[in-house]
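What follows is a short report on a single structure.
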Amino acid sequence: MKFKTKMFLSALVLMVGLFAAACPERRSIADIEANPSKYLNKEVAIAGVVQDSYGVNVPFTNIRGGAYKVSDGTGSIWVVTEDSVPARGTQLGIKGKVQNGVNWKGKNYGLALIENDRRFKKTK
C-alpha cells in the first residue's frame, strides 16, 4: 500500500474509535437509581416511555422548558429540559447528565437527568 493510503486508513480508524468512545452507553434506570454516585455528572443514555410531563411554552418567545418522567420497565426518572416536553405515552431515547438532589437514609429524592439530546422512536 502507498503511504497516503495507510495514513488515510489509520486516520479513519482513529476517528471511528473516538466517535464510538464519545457516545454514552445506554443504561437502565434501575442501574442509575441503584448507584447514582457512579453516574453523577456523567452523560448517560436511557430509553423509555413518558409517564407524566409538565412544561411551559410561551408562543413567540424563547420561554419554554419543563420536566417529564420516563419509565423503562426497571424504574422511572425525571428528565429536566430547556425544550418543549413530550406528551404522555411517547417512546423516546434521551442523553443527558445525571444530577442528584437529596439523599436521605439511603433513598434518593430529586434524582434527575438533565437532557442534552432527545430522539423519538420512529413510527411506521
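All residue numbers in this chain count up from 1 along the given sequence.
- Counting only heavy atoms from C-beta outward, the side chains of L92 and R119 never approach each other to under 4.5 Å.
- At least one side-chain heavy atom of I46 sits under 4.5 Å from a side-chain heavy atom of I32.
- Side chains of E43 and N116 form a contact here, defined as non-hydrogen atoms less than 4.5 Å apart.
- Counting non-hydrogen atoms of neighbouring residues, nucleotides and ligands closer than 6.0 angstrom, the CG atom of N62 reaches no more than 12 such neighbours.
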Could you go through K97 and K42, starting from their C-alpha distance and side-chain angles, then the distance that decides it, and tell me whether this counts as side-chain contact (heavy atoms from CB on, under 4.5 Å)? CA-CA 5 Å; K97 288 191 175 186; K42 293 184 181 165; over 6 Å; no

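- When the side chains of ILVMFWY residues are joined at heavy-atom separations under 4.5 Å, either directly or via intervening members, V50 and I77 end up in a single hydrophobic cluster.
- A continuous path of hydrophobic side-chain contacts links Y68 to F120 [ILVMFWY only; heavy atoms under 4.5 Å].
- Looking at V49 and S71, their side chains never come closer than 4.5 Å, going by heavy atoms from C-beta outward.
- The shortest distance between side-chain heavy atoms of V85 and Y54 does not fall below 4.5 Å.
- The minimum heavy-atom distance linking A47 with D72 is given by the pair O-CB, 3.1 Å.
- The backbone N or O of A30 lies less than 3.5 Å from a partner atom in the side chain of T74, making a donor-acceptor pair.
- One finds the CZ atom of R26 at 10.0 Å from the CD1 atom of I94 (value rounded to the nearest 0.5 Å).
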Using the rule given for side-chain contact (heavy atoms from CB on, under 4.5 Å), can you reason through K95 versus V44, listing the C-alpha separation, both sets of side-chain angles and the distance that settles it, and then say yes or no? CA-CA 6 Å; K95 284 193 291 186; V44 297; over 6 Å; no

side-chain contact (heavy atoms from CB on, under 4.5 Å) for Y39 and D31? Distances and angles first, verdict last. CA-CA 9 Å; Y39 302 105; D31 289 342; 4.0 Å; yes

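- The shortest non-hydrogen separation linking V70 to I29 is O-CD1, 3.4 Å.
- At least one side-chain heavy atom of T81 sits less than 4.5 Å from a side-chain heavy atom of R118.
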Applying side-chain contact (heavy atoms from CB on, under 4.5 Å), run through E115 and V80 and close with a yes or a no. CA-CA 6 Å; E115 178 187 87; V80 178; over 6 Å; no

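- Atom NZ of residue K38 and atom CG of residue L40 lie 13.5 Å apart, to the nearest 0.5 angstrom.
- For the residue pair G75 and E33, the shortest heavy atom distance occurs at CA-OE1, 4.1 Å.
- Between the S53 side chain and the P86 main chain, a donor and an acceptor come within less than 3.5 Å of each other.
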